[in-house]
Amino acid sequence: MALNDNKAGMGNLDKERINKVIYEMSKGSKYYENEQRKEEQVKAKIAAQHKQIQSFDAREIEKSELQADAMLAAIEEMRDFSRTIVHIDMDAFYAAVEMRDNPSLKNIPMAVGGSAMLSTSNYEARRFGVRAAMPGFIAKKLCPDLVIVPTNFDKYRQVSKDVKEILLQYDPNMCPMSLDEAYLDITQHLAERKNFDAEQKTFRTADGEQRMFGIAPNMMLAKVCSDFNKPNGQYLIPFNRQAVMDFVKDLPVRKVCGIGRVSCSMLGAMGVVTCSDLFRKRGLLLKLYSAISFNYFLRVSAGVGSTSVQRGDDRKSMSTERTFAEINRPAELFAKCYELCEALVEDLKKENLKGKTITLKIKTIKYIVRTKAHSLLNATQDVQLLYSTARDLLRTEIRLCSPEPLRLRLMGKSRGEQKLPFGAVKPKTDGRHTLLNYFKSPK
DNA sequence: TACATACAC
DNA sequence: TATGGTGTATGTA
């Protein structure tokens, strides 16, 4: 519930005052109560983990350590310094675009979003603790002079496209992660660049936007680097093992992409704070976590990440959801349900896709989220068919609740397992938790 | 397959 | 006026 200061621009601020304001604005709300419920869940998970840990004896842990060391040797084997990976991150992107188009916003605290939620804020605003993913009304309390500009996605998409155009010159296989982030493999470019003249060596991006580069031997490290030296910074990890190990030694695990709030708490509970702690506690971690997660932790501890920048171009699901003022009358719930089916079908048709598994998502006014799914025999993009499936799922939920009304603040639809228009199927590789088969048991 | 959770942006 | 929307992966049953 406190301020998330994991991101940049939050160096010297009065965290105590900020947290107090956030707390005062939040306490007693349904949202806050749900957050507390979630915190309790994490505590329970930690307690369960603790109990499990106590059931291990020292010999078991030692054995696991040996097994982990064998896995680590295999990871070491794959360490690759042959690629130069760049992670580029447009700084406070939406805010930067708005400031470019309206310079009067430049030197005042400003954020992009609405009174319910902010997407991002400029550095002036960050000094007050105003940041992305904070509701606008709390931000206003923290900074009464804050100017909130409504989100203008079409504009950001256009600017993003312009920037991508430039990045493509450096890596034709460049991989955008969002409107303001991308990974590049510039190995090839660097080789060709040796013959460039001074003019050709100039790097250009669109006017007005600042950007951060992280340059490293792999994607995981490049991503962490781009968060250093903000704003407009650039950070490079030298391409040798010692430099990488020095870099990860004191790196907090929370900085690593993929280790979020919950994992960080769970790891913290057993004394794992930095990446080298992941190595220190490898015996324990191997016993506690799945093969996929553990392997990922080991790779992080060694500073080994993916070196293959490639787009996964087959989408796996498509969804639409809305938050609204409470709805509880069945007729209105069904009407909302139909509306969402229509919206989803419209999006499906844009990409000429069909859905097979239809999922109904609901969030009660207490912020409890539930999903219900049903798979059809054949993929469809037909509104009526989609709706009849979704309607049945919703009806079941209403009945489950009765005689109390089902009181919702959000409803959503998604479809997965789609059939692509021309039957293309593409298996994809290297998720962030790639499991390597040869990490079975050591001999 | 169904569902919940975690995570990123 | 009042805590978002979209997509992916994973664990578990």
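Convention: sequence-line order gives letters A, B, ...; per-chain numbering from 1.
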So, the side chain of [X] versus the backbone of [Y]: is there a donor-acceptor pair under 3.5 Å, distance only?
X        : Y        : answer
A/Ser276 : A/Lys249 : yes
A/Ser121 : A/Val130 : yes
A/Asp227 : A/Val224 : no

_Would you say CE of A/Met117 has more than 12 non-hydrogen atoms from neighbouring residues, nucleotides or ligands within 6.0 angstrom?_
yes

Closest to the [X] side chain: [options]?
X        : options              : answer
A/Thr323 : C/dG5, C/dA2, B/dA2  : C/dG5
A/Glu321 : B/dA2, C/dG5, C/dT3  : C/dG5
A/Ala116 : B/dA8, C/dT3, C/dT6  : C/dT3
A/Gln41  : C/dG5, B/dT5, B/dA2  : B/dT5
A/Ala373 : B/dA4, C/dT3, B/dC3  : B/dC3
A/Ile292 : C/dG5, C/dG11, B/dA2 : C/dG11

When we call it a touch if two heavy atoms are under 4.0 Å apart, what does [X] touch: a base, just sugar-phosphate, or nothing?
X        : result
A/Ser119 : nothing
A/Asn34  : nothing
A/Lys372 : sugar-phosphate
A/Leu179 : nothing
A/Met177 : nothing

Nucleotide [N], atom [atom2] - distance to [atom1] of [X] in whole Å:
X        : N     : atom1 : atom2 : answer
A/Tyr296 : C/dT8 : OH    : C1'   : 14 Å
A/Glu397 : B/dC3 : CD    : C1'   : 12 Å
A/His374 : B/dC3 : NE2   : P     : 10 Å
A/Lys27  : C/dT3 : NZ    : P     : 18 Å

*Strand DNA chain C as a dot-bracket string - pairs counted if Watson-Crick or G-U with both distances under 3.5 Å, | where the partner lies in another strand*: ....|||||||||

*Residue pairs passing the ring pair (Phe, Tyr, Trp, His ring centres under 6.0 Å) test where at least one lies in residues 351-377 of chain A, sequence neighbours excluded*: A/Tyr31-A/Tyr367

When you check the phosphate oxygens OP1 and OP2 of [N], does a side-chain N or O of [X] lie under 4.0 Å from one of them?
X        : N     : value
A/Lys316 : C/dA9 : yes
A/Arg315 : C/dT6 : no
A/Ser178 : B/dA8 : no
A/Arg409 : C/dA2 : no
A/Lys140 : C/dA2 : no
A/Ser263 : B/dA6 : no
A/Thr371 : B/dA2 : no

*By nearest nucleotide on DNA chain C, pick out whichever of A/Met318 and A/Pro135 is the more 5' one.*
A/Pro135

*Hey, which sits more toward the 5' end of DNA chain C by its nearest nucleotide, A/Thr320 or A/Ser115?*
A/Ser115

[X]: what forms a side-chain hydrogen bond (donor to acceptor under 3.5 Å, both in side chains) with it, not counting sequence neighbours?
X        : answer
A/Arg370 : A/Glu397
A/Asn378 : none
A/Glu65  : none

*Any N or O donor-acceptor pair linking the side chain of A/Ser293 to the base of C/dT10 at under 3.5 Å?*
no

*asked:* If you apply the rule side-chain contact (heavy atoms from CB on, under 4.5 Å), what do you find for A/Val163 with A/Arg211, and how did you get there?
replied: CA-CA 11 Å; A/Val163 174; A/Arg211 60 266 157 194; over 6 Å; no

*Which of residues 361-368 of chain A sit near DNA chain C, with a heavy atom under 4.0 Å from it?*
A/Lys363, A/Tyr367

*asked:* Ring-plane angle category for A/Phe228 and A/Phe247, please: parallel below 30°, perpendicular beyond 60°, tilted otherwise.
replied: tilted

*Find which nucleotide of DNA chain B each of A/Val42 and A/Ser375 is nearest to by heavy atoms, and output the residue with the more 5' nucleotide.*
A/Ser375

*Note: A/Glu33-A/Lys30 ion pair, threshold 4.0 Å (strictly below)*: no

_C/dT3 versus B/dA8 - spacing of their P atoms, nearest Å_ = 24 Å

